[in-house]
Amino acid sequence: MSDAAQIRFRAATEESPAARWTLIALAFAGLAILVFAPLIAVFVEALAEGVTASLKSLASPDARDAIRLTLTIAAISVPLNAVFGIAAAWFITKFDFRGKAFLITLIDLPFSVSPVVAGLCIVLMFGANSALGGWLVAQGYPIVFAMPGIILATMFVTFPFVARELIPVMIEQGRAEEEAALTLGASGWRVFWTVTLPNIRWALLYGVLLCNARAMGEFGAVSVVSGKIRGQTATMPTTIEMQYQEYLSVAAFSLAAVLALLALVTLLLKTALEIRHADQLAAAHRH
Amino acid sequence: MHIEIDEISKQFGTTAALHPVSLAIPSGALVALLGPSGSGKTTLLRILGGLEFPSSGRVLFDGRDATGLSVQERRAGFVFQSYALFRHMTVFDNIAYGLNARPRATRPTKAEIARRVTKLLDLIQLPEIGARYPSQLSGGQRQRVALARALAIEPRMLLLDEPFGALDAKVRKELRQGLRDIHDTTGLTTVFVTHDQDEAMELADLVVVMSMGRIEQIGKPQDIRARPATPFVRDFIGA
């Protein structure tokens with residue numbers, strides 16, 4: 001084949017080989033510097049004094065309490081946000097009402113508000129100095145510097161994940177199948193369980209995974225409301241920060257490595273979902 | 001079942017989808033609601049099925065006021081424009097859905113449901129496809145499955161929204177005859193919506209021509225063709 005023929009048959013959108021390789025190299029360099037190098041560094045630092053030292057630090061009461069607290073927080077806030085997310089998406093996509101666009105914007109608010117500001121709002125609302133917070137403390141249910149505050153902060157920050165995954169999928173699927181089920185005599189509740197939920201299940205799982213990853217990793221809002229009391233309100237991310245500032249490098253990086261591993265597992269599950277159910281998830285990502 | 005539409009109107013916000021319209025559909029008739037898009041024909045069909053509620057007026061089934069009946073209580077077999085088959089269920093489960101949704105006291109046994117689904121699959125002349133999913137069917141097959149699913153609930157009437165809209169010309173012709181046959185065997189009062197005047201004229205006993213939310217003319221196909229009542233009807237049917 002001559003050069004002339006090659007040029008003539010090249011697709012309109014195809015770049016020259018030099019441009020292609022430069023772009024690919026740039027992408028890899030960016031990924032290496034921004035993603036792989038830090039990730040490897042975390043594991044290298046964690047294992048700097050050997051596996052035994054790393055495992056020993058993870059077995060310490062502080063680390064164990066932090067892991068337990070973070071998993072508990074995720075186990076409570078993720079299912080709650082899944083329920084709220086389904087309810088919000090259902091409401092927005094299956095009904096017509098005034099102010100719909102405003103409501104969608106409101107759901108996105110946690111993405112645009114700094115988590116620290118969100119944490120401060122919760123402190124202002126429920127702190128011991130506020131009327132509501134003072135009353136709750138008097139009843140023996142403190143919100144701030146306690147578990148409920150951390151859950152509230154986590155839920156605020158991770159609220160959009162499930163709803164945002166579901167809304168485009170549910171808009172794309174429309175209402176016809178639900179209407180068909182209704183004409184066949186099914187109750188609203190039955191329609192939800194037998195038609196709506198099965199149709200959104202993969203998008204829902206995807207949203208839950210993203211929500212979970214963020215719930216376990218949330219630092220800003222939680223560090224404001226939790227008070228970082230060791231053994232009580234210190235989550236994994238806040239414990240990592242405290243240990244690092246106390247020059248407990250192995251302990252900090254070991255815990256960081258566990259958090260990174262949890263994130264990697266989430267990522268693997270997410271990728272597996274994407275490969276198996278690409279068609280259904282595509283709807284969500286076209287927007 | 002005899003259907004009477006008495007001064008039904010429908011407003012969506014400030015726009016009127018239907019001005020007060022009245023129409024009597026005799027029991028066992030095959031009726032076409034014919035009109036261009038935006039004429040209100042689908043809105044009228046959805047009001048009959050209980051999927052929309054009228055802003056004013058009444059619907060009577062066999063002389064009894066049915067205006068407030070819920071969509072489930074209407075027992076209308078509804079075939080949707082894009083068929084709306086449940087994509088995560090097999091054809092068998094799609095057709096059985098309405099029977100499974102019945103309250104325990106009136107729900108047929110598993111064996112009885114299977115028997116009825118098999119019978120319906122025979123009726124639509126697709127006895128072999130029970131285990132397939134909707135995505136594995138052709139457009140014509142989907143339409144017939146949607147019809148079987150609607151018939152499974154032993155409906156009091158059959159309502160079809162553009163039942164042939166998404167099909168190519170050849171399949172369309174076959175299925176027209178299929179719908180005529182099913183109507184004749186079941187004897188169900190049947191109302192279908194179409195924008196295709198050939199389809200309406202060929203298939204229906206009674207044609208209702210609609211435009212801009214109003215009924216322009218009601219009559220037998222040959223009468224409408226011979227004596228169009230308004231300039232719109234004359235223009236639309238190309239007489």
Side-chain angles (χ1 to χ4, degrees), chain A residues 86 89-90 92-103 165-166 168-208 273 275-284 286, chain B residues 12-13 42 45-46 48-52 69-90 93-104 106-108 133-135 142 145-162 166:
Chain A
I86 292 171
W90 165 277
I92 283 173
T93 56
K94 307 289 172 181
F95 299 94
D96 288 316
F97 55 92
R98 267 168 200 275
K100 200 184 224 182
F102 178 69
L103 193 62
E165 279 304 314
L166 293 185
V169 173
M170 288 169 87
I171 286 176
E172 165 130 334
Q173 292 181 344
R175 305 173 199 178
E177 283 182 51
E178 273 94 359
E179 286 182 344
L182 289 172
T183 64
L184 295 169
S187 64
W189 193 237
R190 189 182 176 88
V191 172
F192 177 75
W193 286 107
T194 58
V195 177
T196 311
L197 202 57
N199 273 341
I200 59 168
R201 59 186 182 237
W202 300 119
L204 176 63
L205 194 54
Y206 191 88
V208 163
L273 264 184
I275 293 169
R276 286 198 50 192
H277 304 284
D279 48 336
Q280 286 185 48
L281 294 171
R286 218 174 289 145
Chain B
F12 288 113
T42 296
L45 192 79
R46 288 171 63 86
L48 282 179
L51 290 167
E52 306 275 1
L69 279 187
S70 72
V71 50
Q72 292 96 342
E73 290 165 326
R74 302 259 171 142
R75 280 210 294 125
F78 207 109
V79 175
F80 289 80
Q81 187 166 12
S82 50
Y83 317 131
L85 295 176
F86 307 128
R87 65 193 92 183
H88 62 286
M89 291 182 203
T90 61
D93 289 336
N94 262 282
I95 298 175
Y97 188 90
L99 296 173
N100 284 320
R102 284 192 187 166
R104 207 170 288 274
T106 54
R107 193 187 306 156
Y133 284 89
S135 60
R142 279 180 212 177
V145 171
L147 196 56
R149 182 178 68 175
L151 289 170
I153 61 167
E154 297 166 312
R156 297 197 286 176
M157 64 194 138
L158 204 49
L159 307 174
L160 306 98
D161 187 5
E162 297 274 4

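Chain naming here is simple, since letters A, B, ... match the order of the sequence lines and numbering starts at 1 in each.
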key: Best-contacting candidate, B:Phe78, B:Phe80, B:Tyr83, against chain A by heavy atom pairs under 4.5 angstrom   = B:Phe80
query = Do A:Leu184 and B:Phe86 come close enough that some side-chain heavy atom pair is under 4.5 Å?
reply = yes
query = Considering only heavy atoms, which portion of B:Arg74 lies under 4.5 Å from any heavy atom of chain A: side chain, backbone, both, or neither?
reply = neither
remark   = All heavy atoms of B:Ala84 vs all of A:Ala180, minimum pair found to be O-CB, 4.0 Å
Reported CZ-to-CG distance for the pair A:Arg175 and B:Leu51, which is rounded to 0.5 angstrom = 11.5 Å
task = Using a cut-off of 6.0 Å, state whether more than 12 heavy atoms not belonging to A:Phe102 lie near its atom CZ.
result = no
note = Between the OG1 atom in A:Thr183 and the CZ atom in B:Arg75, the distance rounded to the nearest 0.5 Å is 12.5 Å
Residue B:Arg46 versus chain A: region with a heavy atom under 4.5 Å = side chain
ask   = Any side-chain heavy-atom pair from B:Asn100 and A:Arg190 closer than 4.5 angstrom?
value = yes
Heavy-atom closest contact (A:Thr194 atom, B:His88 atom, distance) = O-NE2, 2.8 Å
ask   = Which pair of heavy atoms, one from B:Leu85 and one from A:Glu177, lies closest together, and at what distance?
value = O-CD, 3.4 Å
